[in-house]
Amino acid sequence: MKLDREFYERDTLIVANELLGKILVHNSPDGITKGIIVEVEAYCGHNDEACHSYKKNKRSGRTNVMYYCGGYAYVYLIYGMYSCFNVVSNAADIPEAVLIRAIEPLEGIELMKHRRNTDKMKNLCDGPGKLCKAMAIDKNCYGLDLCGDILYIEEGENIVPEDILPTKRINIDYAGAAKDYLWRFVIDRI
DNA sequence: CGGAAGATTTCT
DNA sequence: GAAATCTTCCGA
């Protein structure tokens, strides 16, 4: 069961929490890949110094999709070599999104290994850049509608709040006070 | 038009 | 702990 538009058009922190345990699906030309979302981070526009849409550059070519309504893919290139996949959340004109930081491979594992050029399961999708490479998510996926058939998220197992561990976000030391917000969520089991 | 920086990964 | 590496954004 594919998540619908209403799921995404809510408060970013709620969407971030509820995305845990859901299944990310990419129907690529090479084949289909699926994975359970196990780690996310929330980025809340004007309330969040770490968010790309926070600063002076209110809206730019890169962050434009964050101003859409929820349910779109925000993919950007970082450090010139790695893509990061975000799910745009909340209503239109509210530039917020959820970064998918890690997944647990479900389907198309051989394809992922081939793309990542490794055999180690643990090393396959445990990072934003890694899972994007494993699932072939790149700038071509920028702005895709997650309510479409190419890239989407479906219902997975239900995660109870007790299993969700909030922690500080990673690699945003430049973000001042915002760097201490507990806006990174991981599934505390496995 | 040039320069600087970055929501990372990998190897030493 | 440091390098790799390049698109995007800002200032001039």
Side-chain angles (χ1 to χ4, degrees), chain A residues 8 11-17 19-20 22 24 26 33 35 37-68 70-90 94-105 112-144 146 151 153 164-187:
Chain A
Y8 302 104
D11 183 87
T12 299
L13 292 177
I14 294 176
V15 174
N17 271 274
L19 275 175
L20 289 173
K22 298 290 189 293
L24 175 63
H26 185 202
T33 46
I37 298 171
V38 296
E39 181 178 342
V40 300
E41 279 181 11
Y43 285 88
C44 301
H46 47 80
N47 296 321
D48 183 4
E49 213 171 325
C51 187
H52 286 161
S53 56
Y54 174 77
K55 310 174 195 173
K56 34 218 160 174
N57 53 323
K58 284 189 175 182
R59 189 191 287 240
S60 65
R62 185 171 68 157
T63 62
N64 190 46
V65 74
M66 295 180 90
Y67 289 82
Y68 290 14
Y72 284 88
Y74 169 38
V75 181
Y76 69 94
L77 198 61
I78 191 64
Y79 300 120
M81 34 175 111
Y82 298 105
S83 299
C84 291
F85 172 62
N86 300 251
V87 175
V88 176
S89 56
N90 223 318
I94 299 180
E96 304 189 343
V98 178
L99 169 69
I100 308 300
R101 289 190 61 87
I103 63 171
E104 207 172 80
M112 291 183 183
K113 286 179 178 174
H114 176 67
R115 284 172 178 155
R116 291 271 300 120
N117 201 24
T118 179
D119 264 343
K120 297 170 190 151
M121 285 297 292
K122 188 183 176 189
N123 198 32
L124 206 53
C125 297
D126 63 338
K130 295 179 189 176
L131 76 87
C132 281
K133 192 169 182 189
M135 298 194 73
I137 297 173
D138 56 27
K139 60 183 180 183
N140 292 322
C141 297
Y142 182 93
L144 280 183
L146 298 181
L151 188 62
I153 298 173
I164 298 178
L165 182 68
T167 64
K168 291 182 185 179
R169 289 177 293 175
I170 293 179
N171 277 327
I172 53 163
D173 289 342
Y174 60 86
K179 76 172 192 283
D180 290 326
Y181 295 171
L182 297 177
W183 284 354
R184 171 171 171 253
F185 306 100
V186 304
I187 297 181

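A, B, ... follow the sequence lines: proteins, then strands. Residue 1 opens every chain. For clarity, every value in this text was computed on a predicted model and none was experimentally measured.
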* List the steps, then state whether salt bridge (Lys or Arg N to Asp or Glu O under 4.0 Å) holds for A:K122 with A:D126. => CA-CA 7 Å; A:K122 188 183 176 189; A:D126 63 338; over 6 Å; no
* Run the numbers on A:L124 and A:K130 for side chain to side chain contact (heavy atoms under 4.5 Å, CB included), then give the verdict. => CA-CA 7 Å; A:L124 206 53; A:K130 295 179 189 176; over 6 Å; no
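Backbone-only contact: A:R101 has heavy atoms under 4.0 Å from sugar-phosphate atoms and none from a base. Looking at heavy-atom distances under 4.0 Å, A:Y74 makes contact with a base. A:R116 comes within 4.0 angstrom of the backbone, heavy atoms only, and of no base.
Figure legend. C:dT7 is base-paired to B:dA5; pairs are counted as Watson-Crick or G-U wobble with both atom distances under 3.5 Å.
Rounded to whole Å, atom P of C:dC9 lies 19 Å from atom OH of A:Y54. In this structure, CD1 of A:I78 is placed 15 Å from P of B:dT10, rounded to the nearest angstrom. What separates OH of A:Y82 from P of B:dC11 is a distance of 9 Å, to the nearest Å. Across the protein-nucleic acid pair, A:N64 atom CG and C:dT7 atom C1' stand 17 Å apart, rounded to whole Å. Taking atom NZ of residue A:K139 and atom P of nucleotide C:dC6, one finds them 11 Å apart after rounding to whole Å. One can place NE2 of A:H52 at 12 Å from C1' of C:dT7, the figure rounded to the nearest angstrom. The nearest whole Å value for the distance from the CG atom in A:N123 to the C1' atom in B:dT8 is 13 Å. The CE atom of A:M81 sits 15 Å away from the P atom of C:dT8 (whole-angstrom rounding).
In this structure, A:C51 and A:M66 have side chains that are in contact, with non-hydrogen atoms separated by less than 4.5 Å. Contact check for A:Y174 versus A:K179: no side-chain heavy atoms found under the 4.5 Å cut-off. When side chains are defined from C-beta on, A:S53 counts as touching A:Y67, because their heavy atoms get closer than 4.5 Å.
Non-hydrogen atoms lying under 4.0 Å from DNA chain B are contributed by A:N171, A:I172, A:Y174, all within residues 171-180 of chain A.
Stacking between A:Y79 and C:dA4 is absent: the ring centroid is not both under 5.5 Å from the six-membered base ring centre and under 30° in plane angle.
Counting only heavy atoms from C-beta on, A:K130 has its side chain closest to B:dT9 among B:dA7, B:dT9, C:dA4.
Annotation for A:H114: atom NE2 does not count as buried by contact number, only 12 or fewer foreign heavy atoms lying within 6.0 Å.
Checking A:L131, A:I103, A:V98, A:V87 one by one against A:I37, the side chain to side chain contact (heavy atoms under 4.5 Å, CB included) holds for a single residue, A:I103.
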